[in-house]
Amino acid sequence: MMLKGGGQSVWVRNTQLALCSCVVGLANLVATEQDFIANNGLFHDFKPIIFAVIFSQAYGGLLIGLVVKYADNILKVFATSISIILSSLIGIFYFQELAFSLNFGVGLVLVLTSTVLYSLFPAKKKAE
């Protein structure tokens, strides 16, 4: 595929994608919020928590680049599933915004069971 093959490393591709995204984002920002930025500045009302979220997202992007480079697809699906479950559990118990339902419980059991079974009995590689 494109991500695993080719002559460029994952880091070069991530940098190219980030630069293209920045150009598009800045063009949109200037087109829609030019007056507000001129009057208040670009970082008006930015608080430390906002910067923490930005750095957290950047760190997560770097981790995804490592996962894409070093892990297989099944492992990526398991990691995504477990992260969704952990995020939901944090939302349920910490923020008390979500309700624990039967569907969530069944999904939780299925994801955790499949992760454990995959860990205990990994797929065998085909001989080439």
Side-chain angles (χ1 to χ4, degrees):
M1 278 286 277
M2 185 75 174
L3 288 174
K4 298 245 178 176
Q8 296 174 332
S9 72
V10 173
W11 299 107
V12 171
R13 291 191 184 157
N14 283 345
T15 303
Q16 290 171 342
L17 181 61
L19 290 175
C20 291
S21 299
C22 287
V23 169
V24 171
L26 285 174
N28 183 37
L29 185 67
V30 168
T32 59
E33 302 293 334
Q34 185 174 11
D35 294 335
F36 182 83
I37 294 171
N39 293 333
N40 300 314
L42 184 61
F43 298 110
H44 178 72
D45 277 345
F46 267 44
K47 296 180 176 39
I49 191 71
I50 302 295
F51 288 106
V53 170
I54 291 170
F55 288 122
S56 172
Q57 292 293 320
Y59 180 70
L62 292 173
L63 286 177
I64 288 178
L66 289 172
V67 168
V68 167
K69 185 171 183 179
Y70 294 111
D72 63 350
N73 286 331
I74 295 173
L75 190 60
K76 288 184 268 189
V77 170
F78 284 143
T80 303
S81 302
I82 290 173
S83 71
I84 290 170
I85 287 173
L86 289 175
S87 299
S88 299
L89 288 174
I90 290 170
I92 289 170
F93 295 114
Y94 185 72
F95 298 116
Q96 298 163 352
E97 292 180 2
L98 303 172
F100 188 84
S101 67
L102 178 64
N103 287 341
F104 180 79
V106 170
L108 174 73
V109 169
L110 287 174
V111 167
L112 293 178
T113 303
S114 63
T115 304
V116 169
L117 288 175
Y118 183 74
S119 302
L120 292 175
F121 308 106
K124 294 184 171 65
K125 301 271 184 182
K126 292 182 180 180
E128 293 184 31

*What pair of heavy atoms forms the shortest contact from I85 to F104, and how long is it?*
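Closest approach of I85 to F104, heavy atoms only: O-CZ, 4.2 Å.
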*Measure the spacing between CG of L108 and CD1 of I82 and express it to the nearest 0.5 Å.*
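These two atoms lie 10.0 Å from each other.
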_Pairwise distance CD1(I37) to CZ(F43) - rounded to 0.5 angstrom_ =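 Separation between the atoms: 9.5 Å.
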_For S83, is there any backbone N or O sitting under 3.5 Å from a side-chain donor or acceptor partner on S87?_
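Yes, because the side chain of S87 sits within donor-acceptor range (under 3.5 Å) of the backbone of S83.
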*Pick from V111, L112, T113: which one makes a side chain to side chain contact (heavy atoms under 4.5 Å, CB included) with V109?*
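Option passing the side chain to side chain contact (heavy atoms under 4.5 Å, CB included) with V109: T113.
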_So, using side chain to side chain contact (heavy atoms under 4.5 Å, CB included) as the criterion, who are the partners of L19 when residues are at least two apart?_
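L19: side chain to side chain contact (heavy atoms under 4.5 Å, CB included) contacts with T15.
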_If you count heavy atoms of other groups shown closer than 6.0 angstrom to CD1 of I49, is the number above 12?_
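Open.
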*asked:* Measuring only between side-chain heavy atoms, which start at C-beta, is F55 closer than 4.5 Å to Y59?
replied: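 Result no, sub-4.5 Å side-chain heavy-atom pair not found.
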*asked:* If hydrophobic clusters are built by linking Ile, Leu, Val, Met, Phe, Trp and Tyr wherever their side-chain heavy atoms come under 4.5 Å apart, do I84 and L110 end up in the same one?
replied: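 Different hydrophobic clusters.
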Can you give me every donor-acceptor pair (side chain of residues 21-34, partner residue at least two apart or in another chain, under 3.5 Å) with its distance?
unit_1 : atom_1 : unit_2 : atom_2 : d
S21    : OG     : L17    : O      : 2.9
T32    : OG1    : N28    : O      : 2.8

